[in-house]
Amino acid sequence: MAFMRPLGNTGLTVSALGLGTVKIGRDKGVKYPNGFTIPDDKAVSDLLAQARDLGINLIDTAPAYGHSEARLGQLLRQRHEWVIVTKVGEEFDNDSGESRFDFSPAYVRQSVERSLKRLNTDYLDCVLIHSDGNDRAIIEQGTLDALNDLKKAGLIRATGMSTKTVEGGIATLDHGDIAMVTYNLQHAEEVPVIEHAATHHKGILIKKAFASGHLAEHIADPVQESLNQILGTPGVGSIIAGTINPAHLQENVAKARRACSEQQ
Ligand code: NAP
């Protein structure tokens, strides 16, 4: 499978590796193994330029990632060259360090309008519900329908949910375009969602491919192993890998390309 590939039947073409942007917007309430400093504007601009030069066209953000959306709105050049994924439903309060959730259709519209402003754009490529874990209940309360209405109105190109359960992931694919699921060397429980996507030509984005930085120590090259396993699974569209380290970004793209070419 090539490095650039279709994201299900959304009509979007994405790089097999996308850039996750939690660490450019927020340093509280995160579970990374090491502390870090949020990079300054120059470092973020350089990272975005490096990602584009390496062939990445997919970027993942969310209102819950602190200043991430607003910083991308300021610093992302050539917006039309990027596929932007953002989310609705979770808000992170930096003072208390806690998240709160609102999945009501009215809030969905408000949140999408705010994301459009913050990201300095008139359309969003993918908007996913940022689930609190109650995937089925969220779908039943009409949140995905509200996103699908915004898609009909032309504000969004594809809809879905970042899920935490297999049944929620499958229901998301049946009612929307994309599920974002956790998949890594230590967590393969959600593979049935990926198989459902492969059968029904739906989109799959992978989160936490490197176990949020808790890479297995007993494996010689856990980054390559992770990428080989995930990109070797039919149905996977792209891995959203978080990094603010230019050397890691370069390594990850080289190894993702290797994982893709091994399957051609
Ligand atoms: P991840 O991509 O599995 O891991 C990111 C961590 O791995 C970072 O701390 C990064 O540190 C480290 N890393 C990256 N490349 C590395 C390499 N080559 N060698 C060693 N360490 C490396 O996990 P994540 O950040 O939790 O998730 C990725 C993205 O998915 C997020 O940024 C976000 O966009 C999305 N996400 C979504 C949800 C959701 O509910 N929707 C939840 C979690 C994440 P350095 O910065 O030092 O490289």
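Counting convention: from 1, in listed order, for ligands and their atoms alike. Computed from a predicted model, the values in this text were never measured in an experiment.
Two residues are said to be in side-chain contact when any heavy atoms from C-beta on lie closer than 4.5 Å; E91 and Y107 meet this criterion. Counting heavy atoms from C-beta outward, I56 and W82 have side chains that approach closer than 4.5 Å. K31 has its side chain out of reach of S212: every pair of non-hydrogen atoms, C-beta onward, lies at least 4.5 Å apart. Put simply, the side chain of T21 does not reach to within 4.5 Å of the side chain of R71, judged on heavy atoms.
Residue H130 approaches ligand 1 through these ligand atoms, each under 4.0 Å from one of its heavy atoms: 39 (C), 40 (O), 41 (N). For ligand 1, the atoms closer than 4.0 angstrom to any heavy atom of L215 are 20 (C), 21 (N). Counting atoms of ligand 1 from 1 in the listed order, those under 4.0 Å from a heavy atom of D60 are 33 (C), 34 (O), 35 (C). Residue A241 approaches ligand 1 through these ligand atoms, each under 4.0 Å from one of its heavy atoms: 2 (O). Every atom of ligand 1 is numbered from 1 in the order shown, and the set under 4.0 Å from a heavy atom of E251 is 18 (N). Close approach of ligand 1 to T21 (heavy-atom distance below 4.0 Å) involves ligand atoms 32 (O), 34 (O). Close contacts of ligand 1 with A209, meaning ligand atoms under 4.0 Å from a residue heavy atom, involve 3 (O). Close approach of ligand 1 to V223 (heavy-atom distance below 4.0 Å) involves ligand atoms 17 (C), 18 (N), 19 (N).
Summary of contacts: the protein heavy atom closest to atom 37 (C) of ligand 1 is Y65 OH, 2.9 Å. Summary of contacts: the protein heavy atom closest to atom 39 (C) of ligand 1 is S162 OG, 3.2 Å. With respect to atom 27 (O) of ligand 1, the closest heavy atom belonging to the protein is K208 N, 3.7 Å. Among all non-hydrogen protein atoms, the one lying nearest atom 6 (C) of ligand 1 is G213 N, 3.5 Å. Closest to atom 22 (C) of ligand 1 among all protein heavy atoms lies H248 ND1, 3.6 Å. The protein heavy-atom contact nearest to atom 10 (C) of ligand 1 is G242 O, 3.4 Å. From the protein, the heavy atom lying nearest to atom 9 (O) of ligand 1 is K23 NZ, 2.9 Å. For atom 18 (N) of ligand 1, the closest heavy atom belonging to the protein is N252 OD1, 2.8 Å.
Paired with D135 under the rule side chain to side chain donor-acceptor pair (under 3.5 Å), one option of T163, T165, T172 passes, and it is T165.
In this structure, D60 does not pair ionically with K207, as no charged nitrogen and carboxylate oxygen lie closer than 4.0 Å. Using a 4.0 Å cut-off between a side-chain N of Lys or Arg and a carboxylate O of Asp or Glu, K28 and D95 do not qualify as a salt bridge.
When N34, I240, T243, T182 are ranked by how near their heavy atoms come to atom 28 (C) of ligand 1, first place goes to I240. Summarising the contacts of atom 32 (O) of ligand 1 with G20, S131, G89, the nearest heavy atom is found in G20.
In this structure a side-chain-to-backbone donor-acceptor pair under 3.5 Å is present from R26 to A64.
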Would you list the atom pairs, donor with acceptor, under 3.5 Å between side chains in residues 10-17 and any protein atom, with sequence neighbours excluded?
| unit_1 | atom_1 | unit_2 | atom_2 | d |
| --- | --- | --- | --- | --- |
| T10 | OG1 | L7 | O | 2.7 |
| T10 | OG1 | L12 | N | 3.0 |
| S15 | OG | L17 | O | 2.8 |
| S15 | OG | N57 | N | 3.0 |
| S15 | OG | N57 | OD1 | 3.3 |

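Counting heavy atoms under 4.0 Å from ligand 1, residue T61 does not touch it at all. Under 4.0 angstrom from ligand 1, there are no non-hydrogen atoms of A62. Of the heavy atoms in K31, none comes closer than 4.0 Å to ligand 1.
For the residue pair D174 / H200, no side-chain donor-acceptor distance below 3.5 Å is found, with atom types taken as modelled. Looking at D102 and S104, their side chains do bring a donor and an acceptor atom within 3.5 Å of each other.
Under a 4.0 angstrom heavy-atom cut-off, E90 registers as lying outside contact with ligand 1.
At under 3.5 Å, a nitrogen or oxygen of I244, whether backbone or side chain, sits near a nitrogen or oxygen of ligand 1. Here's the thing with F210: one of its N/O atoms is less than 3.5 angstrom from an N/O atom of ligand 1.
Residues I219 make up the rest of the hydrophobic cluster containing L185, defined by ILVMFWY side-chain heavy atoms closer than 4.5 Å, directly or through other members.
Within 6.0 Å of CD in Q229 there are more than 12 heavy atoms belonging to other residues, nucleotides or ligands. Summarising the local packing, CZ of R52 is surrounded by more than 12 heavy atoms from other residues, nucleotides or ligands at distances under 6.0 Å.
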